[in-house]
2 protein chains.
Amino acid sequence: MSSEIERMCIERGMRITDQRRVIAKVLSQANDHPDVEEVYRRSTEIDSNISIATVYRTVRLFEEAGILERHEFRVESGENRARFELATEMHHDHLIDVESGEVIEFHDSEIEELQHKITEKYGYKLVDHRMELYGVKIK
Amino acid sequence: MSSEIERMCIERGMRITDQRRVIAKVLSQANDHPDVEEVYRRSTEIDSNISIATVYRTVRLFEEAGILERHEFRVESGENRARFELATEMHHDHLIDVESGEVIEFHDSEIEELQHKITEKYGYKLVDHRMELYGVKIK
DNA sequence: ATATTTGCAAACCGTTTGCAGCAAG
DNA sequence: CTTGCTGCAAACGGTTTGCAAATAT
């Protein structure tokens, strides 16, 4: 809920404003992966007094606080908008339907393990990764 | 070699110009993953008569012809430049050193297999994927 | 001869930022 | 009261594009 985010704001000494409360609510209610335009659209539906600059600032803030995750899925249209989702306890990756744009979340610990192994094989410690699968629905 | 690219140009009815020959040469000689600025820099060293607009048009052309692959690695600086490499017969993924920016190529057929399995589990056919590992060197 | 490609500069698009006013603490 | 936040509009950075001149075929 938004109280979760409010708590994090207080913790980090950030002020809780009407705009942040609304944007936080929109994000915690989303179960898709909206871009800034879409977050802006949904936020202004609740409170028309929100500018897109504030949405940009807020998602960046939340991302830096570890509240949000930013994605840059490849999409037919070639548009390059970042998309966001609440950071979850459980890490997951994404399967993107290239036709509809639908995004399916999944987790595979076998792959995660192999990723660690590969990284170590080359003398590295894995600090982050990005894995996106692009598929078409089988009829 | 550049004759490889020339052949593909002819095949697709594209004209072979001095600029394309130079850009093709730069790309086939690169064993890193240069961005457009860098391809431009290397190209103008060979022939100063090349504009960056032409480099942009040419890498796009080559990419659409399947000659090049485009990457958008996440990088500390936050800069968002696409980087390119010759498409190879053998598919591979990338391990990026987050400190130095160095890029290591690897292939793991076990992971590839698992990616197919996951995609099928959700009723999809895998048409593309992107996997990037970000690591720090172990001292 | 003609269709394609080029260089230039202007436009583009998503995102960031400087600033003056506003609101949270 | 002070500090941080907002809205606006202008700037940004990487990339694309319209156009007239140049070039490949």
Side-chain angles (χ1 to χ4, degrees), chain A residues 2 5-24 26 33-41 43-44 46-65 67-68 70-84, chain B residues 2 5-24 26 33-41 43-44 46-65 67-68 70-84:
Chain A
S2 83
I5 295 181
E6 283 189 28
R7 187 155 16 86
M8 299 208 65
C9 287
I10 295 161
E11 244 170 57
R12 310 186 97 237
M14 314 185 315
R15 290 189 181 169
I16 293 150
T17 63
D18 290 354
Q19 291 88 335
R20 288 187 182 166
R21 235 189 301 265
V22 169
I23 295 168
V26 164
H33 301 73
D35 59 25
V36 166
E37 300 264 356
E38 184 58 27
V39 175
Y40 174 63
R41 247 203 59 260
S43 299
T44 49
I46 299 173
D47 177 351
S48 62
N49 233 39
I50 292 175
S51 76
I52 197 154
T54 296
V55 179
Y56 273 108
R57 283 192 269 238
T58 306
V59 295
R60 169 168 275 259
L61 198 67
F62 287 175
E63 189 198 355
E64 279 161 3
I67 300 170
L68 281 186
R70 168 190 303 262
H71 300 293
E72 284 147 332
F73 300 139
R74 282 191 171 157
V75 77
E76 7 38 272
S77 65
E79 78 189 4
N80 217 19
R81 305 206 197 122
R83 301 170 60 170
F84 298 87
Chain B
S2 81
I5 295 183
E6 283 188 27
R7 187 155 15 85
M8 298 208 65
C9 287
I10 295 163
E11 244 169 58
R12 312 186 95 239
M14 314 183 321
R15 292 188 181 171
I16 294 152
T17 64
D18 290 353
Q19 290 89 334
R20 289 187 181 165
R21 234 188 302 264
V22 169
I23 294 167
V26 164
H33 301 72
D35 59 26
V36 165
E37 298 264 357
E38 183 59 26
V39 174
Y40 173 62
R41 247 203 59 260
S43 298
T44 48
I46 300 173
D47 177 352
S48 63
N49 235 39
I50 292 176
S51 77
I52 197 153
T54 297
V55 178
Y56 272 107
R57 282 191 271 238
T58 305
V59 295
R60 168 168 277 259
L61 197 69
F62 287 175
E63 189 199 355
E64 280 162 4
I67 299 170
L68 280 187
R70 168 189 305 261
H71 301 292
E72 284 147 331
F73 300 139
R74 282 191 171 156
V75 78
E76 5 42 269
S77 66
E79 77 190 5
N80 217 20
R81 305 204 196 123
R83 301 171 60 172
F84 298 86

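Order of the sequence lines fixes the chain letters, A, B, ..., with proteins taken first and strands second; residue numbering starts at 1 for each chain. Remember, predicted model here, so these are calculated numbers, not experimental data.
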If I take atom [atom1] in residue [X] and atom [atom2] in nucleotide [N], what distance separates them, rounded to the nearest angstrom?
X     : N      : atom1 : atom2 : result
A/N49 : C/dC22 : CG    : P     : 12 Å
A/R20 : D/dT6  : CZ    : C1'   : 10 Å
B/F62 : C/dT5  : CZ    : C1'   : 13 Å
A/E38 : C/dG14 : CD    : P     : 14 Å
A/Y40 : C/dT16 : OH    : P     : 16 Å
A/D47 : D/dT6  : CG    : P     : 11 Å
A/I50 : D/dC5  : CD1   : C1'   : 13 Å

Is the closest side-chain heavy-atom distance between [X] and [Y] below 4.5 Å?
X     : Y     : value
A/T58 : A/V39 : no
B/V36 : B/V59 : yes
B/I16 : B/R21 : yes

Worksheet entry | Side chain A/R20, main chain A/R15, donor-acceptor under 3.5 Å | yes
Discussion item. So, taking the atom named CZ in B/R57 and the one named CZ in B/F62, what distance separates them when rounded to the nearest 0.5 Å?
Written reply: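 Rounded to the nearest 0.5 Å, the CZ-CZ separation comes to 13.5 Å.
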Worksheet item: If you measure from CD on A/Q19 to OG on A/S51, what distance do you get to the nearest 0.5 Å?
Response: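 Here the rounded value is 7.5 Å.
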Discussion item. Quick check: closest heavy atoms across A/H33 and A/R83, and the distance to 0.1 Å?
Written reply: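 Shortest heavy-atom separation between A/H33 and A/R83 comes out as O-NE, 2.8 Å.
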Discussion item. Please find the pair of heavy atoms, one from A/I52 and one from A/Y40, that lie closest to each other, and give the distance.
Written reply: N-CE1, 3.4 Å
Worksheet entry | Pairing of B/E38 and B/R41 as salt bridge, 4.0 angstrom limit | yes
Worksheet item: Once you build an axis from the first five pairs and another from the last five of the helix from C/dA1-D/dT25 to C/dG25-D/dC1, how far apart in angle are they, to 10 degrees?
Response: 30°
Worksheet item: Would you say a side-chain N or O of A/Q19 is under 4.0 Å from OP1 or OP2 of C/dA23?
Response: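 Checking A/Q19 against C/dA23: no side-chain N or O falls below 4.0 Å of OP1 or OP2.
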Worksheet item: With the sugar-phosphate defined as primed atoms, P, OP1 and OP2, and the base as all remaining atoms, what B/S/- string results for nucleotides 15-25 of chain D, 5' to 3', for protein heavy atoms under 4.0 Å?
Response: BBBB----BBS
